[in-house]
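Notes follow once the structure below has been shown.
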Amino acid sequence: MADPSNAALRSGLNNRYRVLEVRVVRGEGRDPEKHLAVSSDPSLGDTELCVLQNGWESVPVVPGDIVHLEGDCSSGTWVINEQSGYLILYPDLLLSGTTISSSIRCMRKAVLSERFRGSECGSRQTLVGTILHEIFQQSVTNNLSPEKVEELAKKIVYGQKYLKEMYHLKLKQTEIMQEIEEYLPSFFKWTEDFVRNPANQNKMQLKLPSENKTGDCSSTVEIVDILDIEENIWSPRFGLKGKIDVTARVKIHRQGGIQSRIMPLELKSGKESNSVEHRSQVILYTLLNLERRVDPEAGFLLYLKTGTMYPVTGTRMDRRELIKLRNQVAFYLMHSTYKSAVGRQQSQLAALPPLIDDSQACKYCSQIHNCFLYSRAVEERMASVSFPPALIPIIEKETQHLKPSHLEYFSLWYLMLTLEMQSGDSKKGYKNIWMIPSLEREKAGDCVGNMIRVDQVQEVSEGQYLHSFQPKNGAVPGANLLVGDRVVVSGEENGLLGLATGYVREISATKISCLLGRNLSKLPESTTFRLDHEEGDCSIGVPFENLSKLMKDSPVSEKLRNLIIDFHKPRFIQHLSSVLPPEAKEAVASILKGLNKPQKQAMKQVLLSRDYTLIVGMPGTGKTTTICALVRILSACGFSVLLTSFTHTAVDNILLKLAKFKVGFLRLGRAQKVHPDIRKFTEEEICRSKSIKSVTDLEELYNSQPVVATACMGINHPIFVQKQFDFCIVDEASQISQPICLGPLFCSKRFVLVGDHQQLPPLVQNSEARDLGMSESLFKRLEQNQNAVVQLTVQYRMNSKIMSLSNKLVYEGKLECGSEKVSNATANLPNLKMLKLEFADASKTWLKEVLEPDKPVCFLNTEKVPAPEHTEKGGVCNVTEAKLVFFLTTLFIKAGCRPSDIGIISPYRHQLKVITDLMARLKENRVEVNTIDKYQGRDKSIIIVSFVRNSNDENGLMKVSTNVTFYDGED
DNA sequence: GTGTCTCTAGACAGA
């Protein structure tokens, strides 16, 4: 939960204290207080006292927590009370203004929204709101005349930017335009009142908290300048983040004179409510402003429908209550699991904030499904939780479609996902950006710091700005960032965190160019920047969302629940003739001709399936070829196909093959991540080249191809809301965790999983989650239904001797060679004879054996060399073994093997680094060195495995195997 | 025991 290391503790402005002890103090006739023993000293010496009074004692702080303290500390004592000071719990967890203001009404919803991000699926009003924001922001920045504003509105509505969302919501551009038009008159009125002619209109009461004058003082407010729009501020001081619609310089005219301030202006396009939620948002933005400028003390709330603007002053009391609210939300987010005090210390899911009984709020709540689901699956059994009586029958009704097995599946996976998310927390997250100086992080390889902006900022497309950065001194450190990586751009100076996000477009020795979501050209030229590799936790959103979807009361979800949770037997039809259209017969027959027996069997099985098929692709059995043939056959039969895999690379491998045949497909996903030869099939490229500008055009594009391909995390694309596919094929399925693999299955009638659970399972970091079964893939789970399984057993990668190793160890003799040629293949080492003469020496006979092509598998025991392992900070390595690997590599090259035909793999990254450094000495450094994970599914003539481990307890081994590929080779 | 990895826009739109 909390970071156990104390390295991050510090005093000063952005202080971080560890809470060592919490004591509740009750004096006679006095309100209770909480006394905390805290320390900002990494060795936890030097304790200070923090006294919480006047309501602050309710902060749910426990020993071990990290807190930030604001206020005064005199002689080692902090006092946080009504008048002064703030305590921020888990300050490195930044919560957004909207999260906190929404928690005023229902904290449960605020917490659920942080987990289930995609549940807010948008509506007409929200889309109109977003577009209006943009029109307003651009108009005021450029001070546009009414005619120009009309023009701008048309440009935005009839442009490309919001097409996807309109398609998603099935809205027409004309409808949106009509609605926008209705807002324009009040918008012009506002401009007249506050920007062009402020002196004699709209008297507005504005009393700043710092003024102690009593009585009303009428004042007028004039907006002098728009300094920024969509300003993004992260505040690790208050544990807050947010985007401020408009940052304005205002002049306050009052009797006493004129004051100038920089204030946040929040736009609302809905009903003019001036509600607590809206006002709170503004108050939180005034706090955010403290990161970058003097306290604005107030901000504005502007309702675009009427053009009415309200001033919002943030009093100490308001700020205090909002911070306390933030602390509570943070508490719930950080304490989503707990360990039971009794028994075996197993983690359990904790209760969420209590359900509220407010039919008005629940009516429009986007989290209602998750709210009821969690209460039913998790909280119902907790003695400590009771539901509002009126809600009990409603919860019952809304979840009655779920069986106990379903609720159990949900709560188990929810727990495992939460645990996995927690174990990533300490490494990931944004906090390293403010907790670790760029120089230090640069060494770790996740950051490039001390850069200045060069060249003009170019607007490449709507909302995408190309920026170039150059290190102030020296060159760009190699390999810290890669093209396509997501980055966060911050100022090196305090307060300029998270200025913009985007991704790397190009890297050279002297320059890094990035596409960013905001234009940073207004910042002073002297600003120095740091670019941090974004390692956010957005990945965790998709599986939670899929899990929630699986529990929905819909036919698709019900079918999947039956198949996946309750193991209903997959059904098959009897005869091919009923699925195979006569006109497709010829085409199908000719595709089948190129396949071997088990591959043909796989095609047949898929065509006959009504639910699902599992294809076991043992090593070298032509998985890609099989999938490619399957897609061709399915589309020849007139079926639509959704083709996915865990990685972009795997998707593109199939598409590269498919592109050679006349099968059309649409590739979704960011073009940067897609193989260059496939980019022309991406939505992004097609939209650009065909200049798609209307919802109809877009819809046509989406419907134009029967085959759609994407990485399986990319299922939040609007196309999947509207379209249902006949078949979904998931490659690499044995490596994908269940809740992620589920995603694409929701949008198809039948599915095919391709994988091999004998190869690598899904990666799980958290050991408790792993023990609970998180590394079981959907492929493995469903494999027990043998009638749905087809095995590809004919392989073309290994000769008979290498194959027999696989067969004996893993595949129970099922693998067979595709041909005599495969079976007898040996490594081609033309210079071997010459080389052997050098080994006439008897002590080197082992080398002869290693190099001998007729002995393709060779284990070398390094125990007596000796070659002990080393454990370092970065992991385990074995230098002697690395040298040996290098030596063998040079020998194979001398013997005539091409460097690109040699692959070196190891389970340990650290070892790879040692080996890579040695390989740098080679003239032609084309030997590939990679982890086992990254190598899976590839072929090389010679593979050298470095097992590394060699300690006293276990013997380390090194294996050298030689193999030759004729089929499916990528080299 | 000392590890392996991919994907991802996301804070805010309104009721």
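First the proteins, then the strands, lettered A, B, ... as listed; each starts at 1.
- Using a 4.0 Å heavy-atom distance criterion, A/Thr647 is classed as a sugar-phosphate-only contact.
- The distance from the CD1 atom of A/Ile905 to the CZ atom of A/Phe947 is 8.0 Å, given to the nearest 0.5 Å.
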Margin query: What does the 5'-to-3' dot-bracket notation of DNA chain B look like when only Watson-Crick and G-U wobble pairs under 3.5 Å count, and pairs to other strands show as |?
Written below: ...............

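- Nearest to the side chain of A/Arg949, among B/dA13, B/dT2, B/dA9, sits B/dT2.
- OP1 or OP2 of B/dT2 has not a single side-chain nitrogen or oxygen of A/His910 nearer than 4.0 Å.
- Because its NZ or CZ atom is both nearer than 6.0 Å to the ring centre of A/Tyr503 and within 45° of the ring axis, A/Arg670 counts as a cation-pi partner of that residue.
- Put simply, CD on A/Glu684 is 11 Å from P on B/dA9, counting in whole angstrom units.
- Projected onto DNA chain B by closest heavy-atom contact, A/Asn716 and A/Leu763 fall at different nucleotides, the more 5' of which corresponds to A/Leu763.
- Atom CG in A/Asp228 sits 8.0 Å away from atom CZ in A/Arg292 (nearest 0.5 Å).
- Using a 4.0 Å heavy-atom distance criterion, A/Gly97 is classed as a sugar-phosphate-only contact.
- Partner A/Leu284 forms a side chain to side chain contact (heavy atoms under 4.5 Å, CB included) with one of A/Thr98, A/Ile100, A/Thr99 and no other, that one being A/Ile100.
- An OP1 or OP2 oxygen of B/dA9 is reached within less than 4.0 angstrom by no side-chain nitrogen or oxygen of A/Arg670.
- Atom P of nucleotide B/dG14 and atom NZ of A/Lys305 are separated by 9 Å, given to the nearest angstrom.
- Side chain of A/Arg770, nearest nucleotide from B/dA13, B/dT4, B/dC5: B/dT4.
- With rounding to whole Å, A/Glu266 atom CD is found 12 Å from B/dG14 atom C1'.
- Rounded to whole angstrom, the span from the CE atom of A/Met774 across to the C1' atom of B/dC5 amounts to 13 Å.
- Contacts of A/Arg105 with the nucleic acid, taken as non-hydrogen atoms under 4.0 Å apart, are absent.
- If you check the side chains of A/Tyr303 and A/His278, you find a donor sitting under 3.5 Å from an acceptor.
- No side-chain donor from either of A/Gln178 and A/Glu182 sits under 3.5 Å from a side-chain acceptor of the other.
- Taking the P atoms as reference points, B/dC12 lies 23 Å from B/dT8, given to the whole Å.
- Of the candidates B/dG3, B/dA11, B/dA15, B/dG3 carries the atom nearest the A/Val876 side chain, counting heavy atoms from C-beta on.
- Rounding to the nearest 0.5 angstrom, the gap separating the CD1 atom in A/Ile740 from the CG atom in A/Leu547 is 11.5 Å.
- Look at A/Thr98 and you'll find a side-chain N or O under 4.0 angstrom from OP1 or OP2 of B/dC12.
- Using a 4.0 Å heavy-atom criterion, one finds that A/Asp245 contacts the sugar-phosphate atoms exclusively.
- Residue A/Gln281 is classed as a sugar-phosphate contact, given heavy-atom separations below 4.0 Å to backbone atoms only.
- The distance from the CG atom of A/Leu912 to the CD1 atom of A/Ile904 is 9.0 Å, given to the nearest 0.5 Å.
- Between B/dG14 and A/Ser269, a contact under 4.0 Å exists linking OP1 or OP2 to a side-chain N or O.
- Checked against B/dA15, B/dA13, B/dA11, the side chain of A/Thr126 finds its nearest nucleotide in B/dA13.
- Among the atoms of the strands shown, none is found under 4.0 Å from any heavy atom of A/Glu732.
- Within 4.0 Å of A/Phe544, counting heavy atoms only, lies no atom of the nucleic acid at all.
- Rounded to an integer number of Å, the gap from A/Arg117 CZ to B/dA9 P is 12 Å.
- The nearest whole Å value for the distance from the NE2 atom in A/His133 to the C1' atom in B/dA13 is 7 Å.
- The distance between atom CH2 of A/Trp234 and atom P of B/dG10, rounded to the nearest whole Å, is 10 Å.
- When distances are taken from the side chain of A/Lys243 to each of B/dA11, B/dC5, B/dT8, the shortest belongs to B/dA11.
- At distances below 3.5 Å, at least one donor-acceptor pair connects side-chain atoms of A/Asp652 with backbone N or O atoms of A/His675.
- A distance of about 15 Å separates the C1' atoms of B/dA9 and B/dA13, rounded to the whole Å.
- Within 4.0 Å (heavy atoms only), A/Tyr908 reaches sugar-phosphate atoms of the nucleic acid but no base atom.
- No contact: A/Ile233 has no heavy atom under 4.0 Å from any strand.
- The interatomic distance linking A/Lys164 (NZ) with B/dA9 (P) rounds to 8 Å, in whole Å.
- For A/Lys673, whose side chain is taken as the heavy atoms from C-beta onward, the closest listed nucleotide among B/dA13, B/dG3, B/dT8 is B/dT8.
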Next item on the list: Show your reasoning for whether ring pair (Phe, Tyr, Trp, His ring centres under 6.0 Å) applies to A/Phe116 and A/His369.
Entry: CA-CA 11 Å; A/Phe116 300 97; A/His369 166 69; 8.3 Å; no

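- The side chain of A/Tyr162 contributes no N or O atom lying less than 4.0 Å from OP1 or OP2 of B/dA13.
- Using a 4.0 Å heavy-atom distance criterion, A/Lys271 is classed as a sugar-phosphate-only contact.
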